[in-house]
Amino acid sequence: MKEYVRAYSPRPPQTRLHFNWKFVVSLFVVWVSVIHFFERIQPGWLIGRCQWNRWEQAAPDHHRVAIIADPQIIDDYSYPKLPRWFQRVFEFCADNYLRRNYRYIEGNLDPDTVIFLGDLFDGGREWNTTGGDDVWFNEFKRFSSIYDLSSNRRHYWSVPGNHDIGFQNVTKAKSDRFAQFFGELNRVVEIGNHSIVMIDTISLSHPNPEVNTEANEFLTNLEQHIVHPDNPRILLTHVPLYRWPDKQRCGPRRERNHRLFPLMRGVEYQTVIEYEISKRIMQTVGPTLILAGDDHDYCDIKQEFTHKGRDMVAREITVKAAGMTGGVKYPAIQLLSLHTGGDSNSYSTEMCYMPAAYSSVKTYGYLFMASVAFLGLLYLFPSRLNHFTKRTNQLLNDSRLKQRWYYWVDEERNWSGFWLHLVLAFVIPVGIWIFYVRSLYHV
C-alpha cells in the first residue's frame with residue numbers, strides 16, 4: 001500500500017470577484033454621514049446663526065431683505081483652458097453651492113425681499129444678441145433653477161453687472177435683453193418705509209448717448225419716480241462708487257485687509273465709477289446707505305456729499321460674492337433690516353457667511369484618497385495590514401476583534417478585488433452626493 005504525501009503550497013492570488021460587504025457598508029455609512037454634514041447640517045447651522053433677532057435693532061416692525069452679490073454662474077467662458085468634462089463637473093458643483101445655500105436662506109431666514117446686485121452670469125456679455133439669444137436663454141433657465149423665480153416673496157434682479165452686459169463694449173441690445181428678462185435697469189421701489197434706488201451705473205458711465213440716455217434721464221428726473229420723498233433712500237449699484245483707498249479704508253472684515261481697495265480698469269471691467277459720475281449720483285439720490293457688488297470682498301466706508309444744500313454722510317458697503325468661485329474663502333450675503341423711522345438709523349445690516357468655498361470639495365477629495373489608500377492596504381499589501389492587526393489584537397487581547405477583523409483581509413494580493421472596490425469607492429459617494437443635490441430641486 002502506497003503512502004501518499006500531500007504537498008502544501010501557498011494559496012494562489014485571489015482572482016474571483018467578491019464583495020467585501022463590511023467595507024461596502026462601512027464606506028456607505030461614512031459617506032452618508034460626511035455628505036449629510038456638508039450638504040445639510042453645516043449650511044443650515046451657519047445660515048441659522050444669522051437669525052434676524054440676533055442683530056437687528058429694536059423696532060415696532062421690520063422689512064427684511066437679503067442682498068446677494070455676484071453669484072456669477074460659471075459657463076464656457078469661465079475657464080476655457082480646462083477640459084470640457086471638468087468644466088461641466090465644476091459647473092455642477094458651483095451651481096449646487098448656490099442652490100443649496102439659497103434654499104437655506106429661504107427656509108431659515110425667510111426674508112421678505114431678495115435683491116441681487118448684478119453679475120448674475122459670468123459670460124452673459126459674451127453671448128451676442130445676434131445668434132446668441134438661445135444660449136443666453138439657456139443660461140437664464142439655469143439661473144432660474146438655482147434661484148426660484150416663482151417664489152411668492154419679492155425679488156429684484158435688475159441691477160446689471162459688467163459680466164451681464166459688459167462695460168466698455170456694452171450695447172443697447174445687451175441692456176435691453178437683460179431688462180427683458182430681469183426687469184427695468186433703473187427703477188425705484190418702495191419697501192419697508194425706504195426708497196430703494198437702483199441705477200445702471202455701467203450704462204450711465206458709457207460715453208455713447210444711445211447707451212447712457214436711459215440711465216441719464218432716470219437720474220435727472222429721479223424725484224418724479226420717488227413716491228414718498230421723505231423716506232430714507234438706499235442706493236443700489238453693481239460697481240462701487242469712487243473713493244480714496246488710502247483714506248477710506250475697508251475695515252477689518254475684508255479678507256484682503258492688507259491691500260487697499262483697487263482703483264483700476266481692464267477689459268470689460270472698472271473697479272469704481274468715475275469720480276464726477278459718483279459725485280452726481282450721490283448728490284442727486286441723497287442716500288443714507290449705498291450697496292454695491294463687483295469687488296467680491298467686503299468693504300465698509302463712509303461717503304461724504306451734499307444733497308439739496310445740506311451735508312450728508314452715507315455708509316457704502318461692498319457686498320461679498322455669494323458664489324464659491326468668487327475668489328474669497330468665505331462667501332457671504334448681506335442682510336438688511338428696514339424699520340420704521342425717518343432718520344439715518346432707520347435700518348440695520350449684518351453680513352451672513354456661507355460655508356467656506358471649497359471646504360466640502362476638499363473633504364470629499366481627502367476622504368476618497370483615504371479610501372483608495374485603505375483599499376491598497378487591504379488588497380495589494382495584505383501582509384502589512386495583517387501584521388498591524390496582529391499587533392493590535394495582541395495589545396487588546398481580544399480574540400473576537402481578531403476574528404471580525406480577519407474577515408476584511410485577504411491572505412494574498414488580489415488585484416481584481418482592488419479594482420472592484422475602487423469602482424465602488426467612487427460610485428457610492430458620487431451616487432449619494434447626486435441624490436442630495438437632486439433632492440434640492442424638490443424643496
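- For Phe37, the CZ atom counts as densely surrounded, since its 6.0 Å shell holds more than 12 non-hydrogen atoms of other residues, nucleotides or ligands.
- Although no hydrogens or angles enter the test, the distance criterion places no donor-acceptor pair under 3.5 Å between the side chain of Asn186 and the main chain of Ile199.
- In this structure a side-chain-to-backbone donor-acceptor pair under 3.5 Å is missing from Lys302 to Val313.
- Using a 4.0 Å cut-off between a side-chain N of Lys or Arg and a carboxylate O of Asp or Glu, Asp76 and Arg88 qualify as a salt bridge.
- At distances below 3.5 Å, not a single donor-acceptor pair connects side-chain atoms of Arg256 with backbone N or O atoms of Arg254.
- A distance-only check finds a donor-acceptor pair linking the side chain of His238 to the backbone of Leu117 [under 3.5 Å].
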Evaluate the salt bridge (charged side-chain N to carboxylate O under 4.0 Å, His left out) criterion for residues Arg99 and Glu39: first the C-alpha distance (whole Å), next the side-chain angles of each, then the deciding distance (0.1 Å), finally the verdict.
CA-CA 11 Å; Arg99 181 182 293 107; Glu39 301 298 326; over 6 Å; no
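- For the side-chain contact (heavy atoms from CB on, under 4.5 Å) criterion with Val188, the lone passing option out of Val227, Ile196, Leu222, Val285 is Leu222.
- Ion pairing between Arg49 and Glu350 fails under the 4.0 Å rule for side-chain N and carboxylate O.
- Screening Ile234, Leu235, Thr237, Val189 for a side-chain contact (heavy atoms from CB on, under 4.5 Å) involving Met198 leaves a single residue, Val189.
- Looking at every heavy atom in both residues, Met324 comes nearest to Cys93 through SD-O, 3.8 Å.
- Between Gly286 and Met312, the shortest heavy-atom contact is O-CE, 3.6 Å.
- A salt bridge links Asp95 to Arg142: one of the charged nitrogens lies within less than 4.0 Å of a carboxylate oxygen.
- Judged purely by atom type and a 3.5 angstrom limit, His63 has no side-chain atom pairing as donor or acceptor with the backbone of His339.
- Applying the 6.0 Å contact sphere to CH2 of Trp419 captures no more than 12 heavy atoms from other residues, nucleotides or ligands.
- Asp311 and Thr306 form a side-chain donor-acceptor contact under 3.5 Å, judged by distance and modelled atom types alone.
- Listed for the Asp122 side chain is no donor-acceptor partner under 3.5 Å among the backbone atoms of Gln72.
- Between Trp433 and Phe92, the gap from one ring centroid to the other is short of 6.0 Å.
- Each of Arg315, Glu316, Lys279 was evaluated against Gln303; a single residue qualifies, Glu316, per the side-chain hydrogen bond (donor to acceptor under 3.5 Å, both in side chains) test.
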The test is salt bridge (charged side-chain N to carboxylate O under 4.0 Å, His left out); show your working for Asp176 and Lys172 and say whether it passes.
CA-CA 6 Å; Asp176 288 345; Lys172 187 70 165 54; 2.9 Å; yes
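- Sparse packing is recorded around CD of Glu304, with 12 or fewer heavy atoms of other residues, nucleotides or ligands lying under 6.0 Å away.
- Between Phe23 and Phe374, the ring planes lie parallel to each other; the angle is under 30°, not in the 30° to 60° tilted range.
- Between Met351 and the options Tyr298, Tyr330, Trp55, a side-chain contact (heavy atoms from CB on, under 4.5 Å) holds for only Tyr298.
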